[in-house]
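Shown next, in structure tokens, is the structure this report addresses.
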Protein chains: 2
Amino acid sequence: MCDTKLMTQRDLATPTPSANDGRPADLRAEAFQGVRDARSRELAEDYVELIAELIHDHGEARPVEIAARLGVRPPTVTKALDRLAREGLITRAKYRSVFLTDEGRALARECRRRHEIVLRFLLSLGLDAETAERDAEGIEHHVSERTLALFAAYASKS
Amino acid sequence: MCDTKLMTQRDLATPTPSANDGRPADLRAEAFQGVRDARSRELAEDYVELIAELIHDHGEARPVEIAARLGVRPPTVTKALDRLAREGLITRAKYRSVFLTDEGRALARECRRRHEIVLRFLLSLGLDAETAERDAEGIEHHVSERTLALFAAYASKS
DNA sequence: TCTGATTGTTAGCATTGTCTAACTTTATGC
DNA sequence: GCATAAAGTTAGACAATGCTAACAATCAGA
Ligand SMILES: [Mn+2]
Ligand SMILES: [Mn+2]
Ligand SMILES: [Mn+2]
Ligand SMILES: [Mn+2]
């Protein structure tokens, strides 16, 4: 039934010190931790960025609009907005539209900046607009300030 | 208690057709959906990539090593491996080391390729090694094949 | 001003991903 | 070969993120 040779613990223990050694294990773990942290912030970032945009373009941010633009169902938005309110990024009253707190507005500004730098960079690399927008939406949450600076420099130089 | 002016639904409804119009709402929703899909694949990708690397470098992939490199606790790994097995990416027996299925190996190869292209690209942009590794770990899951091609071209050209 | 359509919330479910505490199995070293 | 150390699993908790179905509030038009 089981055709894989069952190796016992420590079987091939000879470390085989090939490529990456030293203490990259720690650094790697930190990198992964950083990615997990970024992932936990993604949702809030996309929400506040979108809310700021809706307020700017339409005068207000309604849950139904947020849901449509994010491509999720209204109850998902309700729950997410509750979390954002709990985190102090927005204020809201039942059945009413959504407002950003100062903190939320600051985060939105920061996200919009990142988004635009990444997007402009991808476009300046020669990527088509649609793919650029798609990729930027994911990448924006995972670029360090340092990388962002390089992206901005490249985009303005080209 | 509530100092925000409570706007009623449709208050500032004048559409204010500023910048982005047309049907970008749909496209945006698709972009967000794509990011959500990518996010749901992130974990499996990092696991199989790491497992392949451990097998290559050390002859086997043990949960304790996986946990150390990812910076998570052993039970987290156990549960994740159960999911990967259920998805057909790995095979395993209790208390034994982990093996990749053909499908898992194929995914690992693909992830490694993406990871390396992104990493080389960031380095060729002038980013320091540590930040590059950090950012690559997050970005790799959100670059389209098209973007990847541009990254590869830039890196080899520079 | 009703009344039907639209919008929003609630309740309840499923999955993922993380943890700690406690337990079991395997490996190691004497 | 046994005792201890190390590795791995199980159980159970919890938060986040999504969904559907059902209900409630608001809006808009006749
Ligand atoms: Mn985004
Ligand atoms: Mn964005
Ligand atoms: Mn990664
Ligand atoms: Mn990777």
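All chains are named by letter (A, B, ...) in the order of the sequence lines, taking the proteins before the strands, and each is independently numbered beginning at 1.
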Exercise for review: Kindly write out the residues that satisfy side-chain hydrogen bond (donor to acceptor under 3.5 Å, both in side chains) with D128(A), not counting sequence neighbours, or none if the list is empty.
Suggested key: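 Once residues adjacent in sequence are excluded, the partners of D128(A) under the side-chain hydrogen bond (donor to acceptor under 3.5 Å, both in side chains) criterion are T131(A), R146(B).
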
Point to revise | Residue list, side-chain hydrogen bond (donor to acceptor under 3.5 Å, both in side chains) with H142(B), at least two apart or on another chain | key: E42(B)

Check your understanding: With respect to E140(A), which candidate in H115(A), R113(A), R114(A) satisfies the side-chain hydrogen bond (donor to acceptor under 3.5 Å, both in side chains) definition?
Key ->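 By the side-chain hydrogen bond (donor to acceptor under 3.5 Å, both in side chains) criterion, E140(A) pairs with just one of H115(A), R113(A), R114(A): H115(A).
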
[X] [atom1] to [N] [atom2], straight-line distance once rounded to whole Å:
X	N	atom1	atom2	result
Y95(B)	dT28(C)	OH	P	17 Å
D82(B)	dA11(D)	CG	P	12 Å
D37(A)	dA15(D)	CG	P	18 Å
D46(A)	dT17(D)	CG	C1'	13 Å
R92(A)	dT10(C)	CZ	P	8 Å
R96(B)	dT25(C)	CZ	P	12 Å
L81(A)	dG18(D)	CG	P	12 Å
I66(A)	dT7(C)	CD1	P	13 Å

Point to revise | Residue-phosphate contact under 4.0 Å: R62(B) side-chain N/O, dA7(D) OP1/OP2 | key: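 It does not, given that no N or O in the side chain of R62(B) lies less than 4.0 Å from OP1 or OP2 of dA7(D).
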
**Study point:** Per-nucleotide protein contact string for nucleotides 15-21 of chain C, where B marks a base within reach and S marks sugar-phosphate only (heavy atoms under 4.0 Å, - for neither)
**Key:** -SBBBBB

Exercise for review: Sequence neighbours left out, what pairs pass side chain to side chain donor-acceptor pair (under 3.5 Å) with at least one residue falling in residues 70-81 of chain B?
Suggested key: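 Those involving residues 70-81 of chain B do not exist here.
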
Check your understanding: Could you give all pairs that pass the side chain to side chain donor-acceptor pair (under 3.5 Å) test and reach residues 100-109 of chain A, with sequence neighbours left out?
Key ->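 Sorted pair list: D102(A)-R105(A).
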
Under 3.5 Å, which donor-acceptor pairs link side chains of residues 151-158 of chain B to any protein atom two or more places apart or in another chain?
unit_1	atom_1	unit_2	atom_2	d
S156(B)	OG	A152(B)	O	3.2
S156(B)	OG	A153(B)	O	3.2
S158(B)	OG	A155(B)	O	3.2

Check your understanding: Closest to the T78(B) side chain: dT7(C), dT9(D), dT26(D)?
Key -> dT9(D)

